[in-house]
Amino acid sequence: MVRCLRTDACRGLTTAEADRRRDRFGPNALPRPGTAGPVVRLFRQVRDPLVYVLLVAGVVTLAFGESVDAGVIFGVVVLNTIIGFVEESKAESALDALRKMVRAKARTLREGREWTIAAEDLVPGDVVLVEAGDQVPADMRVIRAADLHVDESALTGESAPVIKEHPALPEPTVVADRRNMLHSGTLVTAGSGAAVAVATGAATELGKIYLLLGAAEKLATPLTRKLAWFSKVLTVAILALAVMTFGIGVARGQGAVEMFTAAVALAVGAIPEGLPAAVTITLAIGVGRMARRRAVIRRLPAVETLGSTTVIGSDKTGTLTENQMTVQCVWTPDGRFDVTGSGYSPDGEVVGRPRSEALRWCLLAGAGCNDAALAQRDGRPIAVGDPTEAAMLVVAHKADLELHGAELTRVATIPFTSDRQYMATLHEMPDGDGRVVLAKGAVERLLVLCGSEMASDGTHRPIDRRAALVAADELARTGLRVLATAMKPVAAQDGLVEKSMPGTLVLTGLQAMFDPPRGHAADAVRACREAGIKVTMITGDHAGTATSIARRIGLLGAGAHAETLTGAELAALPEREWPAAVDRASVFARVSPEQKLRLVKAFQARGHVVAMTGDGVNDAPALRQADIGVAMGLSGTEVAKEAADMVLTDDDFATIEAAVEEGRGAFDNLTKFIVWTLPTNMAEGLVILAAIVVGSALPILPTQILWINMTTAVALGLMLAFEPKEAGSMQRPPRDPGTPLLTGALVQRILLVSVLLVGGSWWLFEWAQATGATLPEARTAAVNFFVAVEVAYLFSCRSLNRSIWSIGVLGNRWVVGGVTVQAAGQLAITYLPVFNSLFHTAPISMHLWSLVLGLSLLAWLVIAADKRLRRHFDQAAPAGPRSSTTSVGPPAE
Ligand code: ATP
């Protein structure tokens with residue numbers, strides 16, 4: 001295999017060869033889903049029931065010789081298609097940009113050195129190193145494997161991880177049985193190994209399936225589906241109504257052609273056809289805003305769900321804290337030593353430079369059983385690898401210990417995992433003095449492995465576990481993260497066997513390190529609390545450390561011991577008592593990843609919408625179970641990111657709070673659009689329906705309704721998607737995801753606005769004619785009134801809870817721009833002769849204009865009064881766990 005691909009298993013490809021292959025084979029990426037060309041996408045817009053209605057109407061109108069009206073109808077179809085196309089492209093490119101933000105990485109050998117490169121840059125022949133947590137970046141032949149387990153469910157559907165080795169297999173082996181192959185898109189769940197890439201991009205097994213399916217990622221969320229269904233039902237109902245209207249009109253002796261276009265206008269006016277597009281755009285804008293605040297959404301429904309989140313389960317280390325460790329104190333069975341200095345700088349000392357063998361071995365274990373390294377960036381020392389381990393290297397430097405590789409050569413490793421809670425290494429002693437096991441880990445865990453402890457003169461004596469536990473508790477209670485260290489001299493031929501470890505190690509001491517809480521953590525926790533969201537800390541760390549940090553960031557009140565639960569306490573609880581117990585606690589310490597999953601379920605059993613963070617391979621099930629799985633972008637494994645709905649590019653808790661705020665903002669904007677569009681659409685249909693049912697002349701002609709419908713939906717309604725988020729969105733309870741789309745309040749609002757629009761335009765139409773205006777002038781006045789009220793109502797919909805004055809009339813420049821365009825359009829339809837003949841309009845007098853504007857102002861005052869009254873009653877009503885103002889209902893002002 002290595003020969004076929006002309007590569008070197010130890011040195012990898014040369015950079016020049018890799019570049020050549022990149023040119024030849026292209027990037028290691030799947031073709032973007034749904035990459036239909038612009039023409040195909042344009043024609044896709046036509047596949048819409050509304051467009052069918054319009055096309056039939058256009059053809060029929062043309063057949064009856066009404067070529068101008070037919071032209072207007074076809075014009076509307078073209079406009080609708082272009083708008084749909086532009087909107088879809090915009091939303092797609094927003095999501096596309098996001099896909100690029102979470103780029104997978106791969107470790108590869110090139111020129112004999114290890115490089116971390118973008119997975120996209122892998123080429124066939126590259127030697128790739130994989131370990132637990134990685135996503136396999138290409139199809140690869142295994143050349144080295146150590147306990148390598150891979151979850152291939154993405155490819156084979158088989159959920160149990162398979163072991164990978166490197167024997168040659170006969171040629172026709174099916175994918176599921178290829179034990180010596182790693183396949184792109186699968187996940188490494190344990191072990192490590194190396195493999196040579198044999199196929200990249202679309203040539204991989206995953207790529208082949210992908211191309212077969214033509215998998216296009218849909219911009220669908222529960223809400224968009226609910227809305228699409230709602231739109232469909234509404235469309236059918238409105239079409240039925242239109243047919244009925246046609247029947248009534250014809251029965252009354254009106255012309256069939258006239259009635260036909262009227263029925264079409266009724267249907268087009270009343271159907272809220274902009275709704276699905278507005279939802280997609282609003283969510284896409286929300287996703288973009290979140291990305292700017294460092295939260296990358298991987299699955300669109302998360303935007304909605306974020307607004308309903310009631311519990312956030314957050315890791316401690318690195319999320320609520322800086323993950324910048326400094327050892328401040330070392331405890332040994334014979335004494336305690338303070339350490340000066342901070343950060344990863346070697347400046348500082350172990351106070352008093354004590355001569356203690358236990359101290360020396362404690363530091364040696366910390367630094368030898370260690371995979372981290374220290375490096376310089378911009379002249380400042382930084383940690384490469386795990387900060388906990390880096391801190392242990394630093395303290396060893398401060399004590400002037402000559403270590404890490406120099407004295408002891410490592411021969412075997414038991415790696416650290418959150419489940420195991422310790423790490424052990426086997427080293428050759430210098431001068432052939434046999435071997436030594438070094439270990440470090442969580443105190444309780446390591447004490448089980450120890451049978452003796454080391455005195456300051458280096459002798460071993462029976463262990464006093466209580467003393468060590470008391471010391472660890474004391475240190476933890478001050479917020480320090482405590483790890484125990486141990487060693488064991490073994491014979492030169494001995495290996496490192498996990499099973500034979502318990503009770504055999506020698507405890508050398510404890511190292512206590514400080515990890516400062518993140519600067520904004522306390523503010524973010526407070527903001528969540530005000531927003532009715534419970535923040536919980538779920539950590540693998542000691543209860544004392546966790547509780548102390550939780551207090552510092554305001555997650556726990558002073559003296560609230562009962563609010564901390566440990567993994568051991570949870571394990572002792574019967575399953576049915578979990579939901580009640582977890583609801584009372586805010587800190588969960590020494591929790592295993594498996595318990596994390598059960599915690600999510602317990603919270604959900606209490607009706608909570610849970611956002612849960614995670615970074616390791618074992619966190620994936622909890623991330624998948626959570627309503628919002630949140631993975632860490634910097635420290636998280638690919639497996640965790642794959643399982644998550646959202647990735648934090650800075651690992652910071654405050655980013656989750658920001659995302660929740662943006663999620664609420666996006667949902668508010670959707671609500672605003674719905675609240676604006678439903679009544680205005682309803683009125684557009686009703687004004688025609690009422691005229692036909694009453695048997696009077698139409699106050700607004702069908703082509704004029706088409707004009708109002710198309711222009712206002714785009715120039716006015718859509719602009720609400722760009723509304724900046726409202727102050728105070730984090731001062732109300734989370735939205736109940738179960739709230740129906742049509743609330744009682746929304747129905748009332750639809751009725752009120754419809755009555756105002758229909759009644760007002762009708763009265764104006766009649767009054768204008770009575771005072772000498774011609775029919776086209778009266779209709780032009782009615783059209784302008786209709787649009788003016790829609791503009792006024794748009795401003796009132798800009799805030800869900802507040803008056804337009806308090807949010808600033810010009811606060812959304814998109815709305816201002818849209819209104820300006822709409823106003824120009826109204827002037828054009830009123831004064832331009834070509835528009836006059838197309839839409840049967842006519843210039844109107846100043847007197848009529850003042851009436852139009854005065855009446856619109858009156859309508860707006862009535863709407864504002866209704867909002868104010870509703871707010872008054874909402875405030876008077878006792879506040880439930882979730883307020884009705886956050887549902888998809890009309891804004892209360
Ligand atoms: P969080 O879950 O909030 O990230 P954590 O880092 O303490 O906190 P784990 O990574 O699960 O959680 O670690 C559990 C415990 O294992 C730690 O409290 C520590 O005592 C010990 N530990 C952490 N890192 C190492 C390591 N590299 N080697 C040995 N033991 C470790």
Side-chain angles (χ1 to χ4, degrees), residues 132-133 312-325 327 365-373 383-393 413-425 438-449 468-469 472-473 475-476 479-486 505 510-515 517-518 521 535-550 553 555 564 566-567 587-596 599 612-619 622-623 630-632 634-637 640 648 651-653:
I312 302 177
S314 173
D315 282 349
K316 171 179 72 70
T317 313
T319 312
L320 289 165
T321 66
E322 296 274 4
N323 208 4
Q324 284 266 339
M325 311 275 177
V327 176
C369 176
N370 196 314
D371 287 329
V384 181
D386 182 356
T388 302
E389 298 190 344
M392 293 177 139
L393 286 182
T413 306
I414 297 174
F416 168 78
T417 63
S418 290
D419 278 326
R420 192 179 277 131
Q421 292 199 348
Y422 77 89
M423 168 177 175
T425 46
L438 299 178
K440 69 176 196 313
V443 181
E444 307 90 304
R445 186 75 189 90
L446 218 65
L447 285 181
V448 175
L449 304 183
L469 280 174
D473 269 352
L475 290 165
L480 297 176
R481 175 178 173 82
V482 187
L483 270 83
T485 57
L505 300 188
L510 308 174
Q511 296 195 21
M513 50 193 88
F514 184 56
D515 178 16
R518 280 188 182 263
V535 182
T536 60
M537 177 193 280
I538 300 176
T539 176
D541 213 339
H542 189 280
T545 318
T547 308
S548 167
I549 298 285
I553 56 173
L555 207 152
T564 300
T566 63
V587 174
F588 300 91
R590 286 285 190 247
V591 167
S592 67
E594 183 265 334
Q595 285 180 323
K596 211 168 176 176
L599 278 176
M612 176 66 71
T613 70
D615 46 16
V617 182
N618 299 342
D619 289 334
L623 294 183
V630 184
M632 300 300 144
L634 296 176
S635 62
T637 54
L648 308 181
D651 292 10
D652 190 344
F653 175 79

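Because the structure is a prediction, the values reported are computed rather than measured. Just so you know, ligand 1 is whichever comes first in the structure, and atom 1 is the first atom listed for that ligand.
Close approach of ligand 1 to S418 (heavy-atom distance below 4.0 Å) involves ligand atoms 9 (P), 10 (O), 11 (O). Atoms of ligand 1 lying under 4.0 Å from any heavy atom of A442, numbered from 1 in the order shown and given with element: 20 (O), 21 (C). Residue D315 approaches ligand 1 through these ligand atoms, each under 4.0 Å from one of its heavy atoms: 3 (O). Atom numbering of ligand 1 starts at 1 in the shown order; those under 4.0 Å from a heavy atom of G441 are 29 (C), 30 (N).
Annotation: side chain of R420 is in contact with side chain of I414 (closest heavy-atom distance under 4.5 Å). Within the 4.5 Å cutoff, no side-chain heavy atoms of M513 are placed close to those of L480. The side-chain heavy atoms of V535 and F653, taken from C-beta on, include a pair separated by under 4.5 Å.
Looking only at heavy atoms of the protein, atom 3 (O) of ligand 1 is closest to K316 N, 2.6 Å. In this structure, the protein non-hydrogen atom closest to atom 22 (N) of ligand 1 is F416 CE1, 3.3 Å. Annotation: atom 1 (P) of ligand 1 to nearest protein heavy atom, T539 OG1, 3.5 Å. Closest to atom 28 (N) of ligand 1 among all protein heavy atoms lies K440 NZ, 3.1 Å.
Closest to atom 23 (C) of ligand 1 by heavy atom, among R481, Q421, M513, is R481. The residue from T613, T317, D419 that puts a heavy atom closest to atom 4 (O) of ligand 1 is T317.
Residue T388 has no nitrogen or oxygen atom sitting less than 3.5 Å from a nitrogen or oxygen atom of ligand 1, judged on distance alone. For ligand 1, the polar-atom distance check finds an N/O of G540 within less than 3.5 Å of one of the ligand's N/O atoms.
Judged purely by atom type and a 3.5 angstrom limit, Q595 uses its side chain to pair as donor or acceptor with the backbone of G567.
Taking all atoms of both residues into account, the shortest heavy-atom contact from D652 to R518 is OD1-CD, 3.1 Å. Closest of all the heavy-atom pairs between L505 and A439 is CD1-CB, 3.8 Å. The minimum heavy-atom distance linking K316 with D541 is given by the pair NZ-OD2, 2.9 Å. Contact between G313 and I538 at its shortest, heavy atoms only, is CA-CD1, 3.9 Å.
Under 4.0 Å from ligand 1, not a single heavy atom of M537 appears. At a 4.0 Å heavy-atom cut-off, ligand 1 touches D541 through backbone and side chain alike.
Distances shorter than 4.0 angstrom occur between a heavy atom of R590 and an atom of ligand 1.
Rounding to the nearest 0.5 angstrom, the gap separating the CD atom in E389 from the CE atom in M423 is 5.0 Å.
With respect to S635, the side-chain hydrogen bond (donor to acceptor under 3.5 Å, both in side chains) criterion is satisfied by exactly one of D315, T319, D651, N323: D651.
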